[in-house]
Amino acid sequence: MTANVKTPFTAVKVTDRVHWVGAIDWGVRDFHGYATRRGTTYNAYLIVADKVTLVDTVKAPFVGELLARVASVVDPARIDYVISNHAEMDHSGGLPEVLAAVRPERVFASTLGVEALSEHFSLPSEVTAVKEGESLSLGGATLHFVEARMLHWPDSMMTYLAEDGLLMSNDAFGMHLASSQRFADELEEAVLEDEAAKYYANILLPLSPLVAKLLAKVGNLNLAIDVVAPSHGPIWRKDTGRVVDWYAGWAAGKAKRKAVIAYDTMWQSTAAMARAMGDGLAAAGVETKVMPLRESHRSDVATELLQAGALLVGSPTLNNGVFPTVADALSYLKGLKPRNLVGAAFGSYGWSGEAVGQIEESLQAMKVDLVAQGLKVKYVPGREDLAACSALGHRVAERLRT
Ligand code: FEO
């Protein structure tokens with residue numbers, strides 16, 4: 001066994017036979033472009049049945065923590081089976097070291113997971129494919145496998161422990177939130193909803209039609225689900241329907257009367273336009289978030305956009321193009337495929353003024369329905385220009401009524 005097993009980490013009991021044996025990453029602040037200001041956890045679960053089974057591992061640097069938590073329950077050498085629900089390295093990075101240390105009897109993954117793992121690692125154990133609907137007896141407990149293809153990778157899979165009504169949902173229903181509490185019912189509701197929304201907006205939003213199908217599929221399986229145990233953040237052991245309902249709403253793309261204005265500015269001209277538009281929208285009763293992009297992370301803009309019906313983007317023209325922060329946000333948002341948005345472009349310029357047209361092209365590529373031609377102001381907006389910005393806010397608000 002590895003020397004790391006001597007570290008003093010302990011497991012947390014989830015049910016009589018299931019223990020959380022993951023790791024808490026208090027310091028991570030960037031998750032491939034997503035700002036994780038509250039850190040995250042990499043959750044792994046140990047099932048103590050006749051066949052001792054580990055479901056998922058952790059990011060590679062945290063393997064010692066995982067093995068120590070396992071050792072607080074059983075000798076890691078007693079692990080018989082390892083299930084890999086997902087090959088992304090925040091869950092499989094520790095797999096090679098765990099397999100080398102534990103030498104389990106068998107390792108399982110989805111069909112596409114077997115392929116993905118072989119394309120990531122040279123593992124010391126053969127990996128057996130389990131198919132949709134297949135089950136695996138652990139002796140006194142039974143695992144059922146539910147494929148979640150493209151949610152969010154081709155190989156993604158969920159594992160359901162029937163006897164405990166426990167769904168190990170992998171990335172689904174998770175959030176990036178490091179905490180000493182392991183269960184959602186120990187944490188503040190507002191924090192949970194914020195972080196779950198941020199996770200959905202930044203990871204699952206482009207896959208919303210598949211999320212809706214997966215929710216329907218799981219519903220049709222009639223699984224009794226008492227505990228939802230995701231791979232990031234807290235475990236849901238009470239009122240598990242709450243997070244499922246949030247997902248159903250986000251997947252349906254229901255928008256509030258809400259607008260997001262994202263912009264950057266050189267000499268406060270585009271900022272003044274943004275504020276005037278925000279004022280027009282607010283005066284028309286629209287919840288409006290004005291987000292200066294040098295101070296607002298792209299992933300926070302995506303989160304605000306999750307339930308918004310309008311997106312307005314502004315930039316001054318810099319070197320015949322849009323400001324770098326605006327280009328960054330547009331590129332990121334385009335990949336997330338937000339739906340059913342109306343919007344507009346705006347910005348100040350000195351002589352050439354290409355930025356507004358370029359923003360319009362980006363918004364059109366995102367299928368944003370432009371309510372008016374982009375608003376351009378030369379150098380510094382005057383009173384009439386700002387009145388036109390406010391009027392544009394009103395026009396957007398009108399469109400949000402329908
Ligand atoms: Fe898709 Fe948490 O990894």
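Just so you know, ligand 1 is whichever comes first in the structure, and atom 1 is the first atom listed for that ligand.
Side-chain contact, Ser156 with Asn170: no donor N or O sits under 3.5 Å from an acceptor N or O.
Ring-plane geometry between Tyr81 and Phe108 is classed as perpendicular, the angle between the planes exceeding 60 degrees on a 0 to 90 degree scale with a lower cut at 30. Classification of the Phe62-Tyr42 ring pair by plane angle, with boundaries at 30° and 60°, yields tilted. Ring planes of Tyr199 and His232: tilted class, angle from 30 to 60°. Ring geometry for His176 versus Tyr34: interplanar angle over 60°, hence perpendicular rather than tilted (30 to 60°).
Taking 2.8 Å as the criterion, His86 does not count as a coordinating residue of atom 2 (Fe) of ligand 1, since none of its N, O or S atoms falls below it. With a cut-off of 2.8 Å, atom 1 (Fe) of ligand 1 has no N, O or S atom of His91 in range.
When atom 2 (Fe) of ligand 1 is compared with the N/O/S atoms of Asp90, atom OD2 turns out nearest. Counting just the N/O/S atoms of Glu88, the one with the shortest distance to atom 1 (Fe) of ligand 1 is named OE1. Note on Asp171: its N/O/S atom closest to atom 2 (Fe) of ligand 1 is OD1.
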